[in-house]
Amino acid sequence: MNITLPEAAEKIRAANKIILTAHIIPDGDAVGAVLAMYFALTSIGKEVFCFIDDTIRKNLLEMPSAEKIQRPSDGEKISADLLVVLDTSPDRIGKVKGITDAPILNIDHHVTNKGGDFDLYVEPSAAATCEIVFKLLQELDVKVTREIAVCLYTGMATDTGFFNYSNTTPMTLFTAAELVEAGVKPNEIAEQMEKKTFGDLKGLNAALQTTKLFFDGKVIGMFVARKYAKTLNTTEGFIDLIRVVDGADVAFLLTDKDENFCRVSMRSKGVDVSAIAKRLGGGGHVRAAGCTINKNMDEAKDILIKAIGEYMIEEGWLLPEEFLEDKETALDDFEYSESN
Ligand code: 5GP
Ligand code: MN
């Protein structure tokens with residue numbers, strides 16, 4: 001059931017023991033929202049537990065009190081008054097779903113979150129779940145400390161590509177300004193989030209070499225092979241390097257994570273990639289979405305390119321005659337001229 005933000009605040013006020021969680025393959029918004037809520041709810045006397053059923057990459061562990069986030073163990077059970085699910089619908093929280101029978105309060109900004117048999121506050125126009133959490137804390141009369149501000153700012157900055165993407169609104173920037181007032185140093189957060197190991201840089205170099213154009217350059221794709229996927233701390237930011245290519249409406253990153261487990265990230269300049277991701281069992285936003293394809297890399301590549309091509313034809317972004325797989329152009333073979 002969809003509820004309002006004051007109603008969401010009321011659910012929190014009425015609960016004493018609260019479990020916080022967010023999506024698997026956590027990003028800055030997921031971890032930032034959990035930790036900001038952790039500080040806030042603790043400050044108003046709640047007993048709070050934080051769980052995310054996945055590893056959290058190194059850059060995000062630099063957020064204050066990140067060590068409070070635990071991974072649930074098999075069969076773990078906790079009695080609580082409320083399970084707050086942040087930045088995803090409750091179907092992407094892994095084992096956390098099984099650790100409690102508490103009622104769910106879901107707070108999210110994904111347009112693909114259609115809710116279910118639980119309380120949902122969803123605001124697709126919010127750039128990040130952290131932007132919603134800021135308003136929720138105002139409803140709860142919680143003072144935004146520097147620690148809370150750092151977590152919220154990190155979530156907002158990472159979900160907006162440091163305030164570059166189309167989801168950046170006046171509200172996003174007003175909120176960010178308040179967070180800087182509260183003590184955030186934007187340069188420090190940027191440095192923390194952009195930090196890479198030398199190995200990650202080499203992985204990025206290898207991935208860049210795989211970049212290909214499809215459908216006469218309307219789609220651009222990059223591939224991360226298993227051996228790099230296993231050692232990279234993160235592929236965050238890789239896709240931003242290719243989405244800038246002129247003429248490419250859709251950019252994708254396909255990562256061969258494990259046996260029959262490939263992850264897809266997509267970005268677009270207008271094509272609704274959340275619709276493509278949804279057809280493949282994932283979701284996200286119009287211009288940034290993702291999914292998992294449980295196939296090997298070659299099969300996953302075919303499935304993904306077909307899904308992108310078919311959707312783009314249906315929506316008039318692509319002519320059927322452009323839908324030819326042999327039109328992929330390896331950057332290596334790409335004839336360089338003044339015009340391209
Ligand atoms: P990213 O490419 O940065 O991993 O994800 C882009 C957006 O798509 C994020 O908002 C993320 O939450 C969403 N997303 C990525 N993968 C999935 C998925 O497998 N399922 C759903 N529902 N959303 C996803
Ligand atoms: Mn988010």
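We count ligands from 1, going down the list as the structure has it; atoms in each ligand are counted the same way. On a predicted model such as this, the values are computed, not experimentally measured, just so you know.
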Output yes when the distance from some N or O of ligand 1 to some N or O of His23 is under 3.5 Å, and no in every other case. no
Quick check: does Arg267 get an N/O under 3.5 Å from an N/O on ligand 1? yes
Can you tell which of Thr172, Thr160, Asp240 makes a side-chain hydrogen bond (donor to acceptor under 3.5 Å, both in side chains) with Tyr165? Asp240
Proximal ligand 1 atoms for Gly284, defined as those under 4.0 Å from one of its heavy atoms: 8 (O), 13 (C), 23 (N)
Closest to atom 4 (O) of ligand 1 (judged by heavy-atom distance), picking from Pro26, Gly290, Ser265: Ser265
Within the stated cut-off of 2.8 Å, is an N/O/S atom of Asp108 closer than that to the Mn ion (ligand 2)? no
Could you please spell out the steps behind the ring pair (Phe, Tyr, Trp, His ring centres under 6.0 Å) verdict for Phe223 and Phe252? CA-CA 9 Å; Phe223 304 84; Phe252 71 79; 5.6 Å; yes
What verdict does the ring pair (Phe, Tyr, Trp, His ring centres under 6.0 Å) test give for Tyr153 and Phe163, after you've listed the backbone C-alpha separation in whole Å, the side-chain angles of each residue and the deciding distance to 0.1 Å? CA-CA 11 Å; Tyr153 185 94; Phe163 311 102; 5.6 Å; yes
Please name the atom of Asp87, limited to N, O or S, that comes nearest to the Mn ion (ligand 2). OD1
Within less than 2.8 Å of the Mn ion (ligand 2), any N, O or S from Cys130? no
Can His110 be said to touch ligand 1, with heavy atoms closer than 4.0 Å? yes
Shortest-distance N/O/S atom, Asp159 versus the Mn ion (ligand 2): OD2
Strictly under 2.8 Å, is any N, O or S atom of Asp27 next to the Mn ion (ligand 2)? no
Quick one: which of Gly28, Gly281, Gly283 has a heavy atom closest to atom 22 (N) of ligand 1? Gly283
Which residue in the set Lys295, Arg263, Lys230 passes salt bridge (Lys or Arg N to Asp or Glu O under 4.0 Å) when paired with Asp258? Lys230
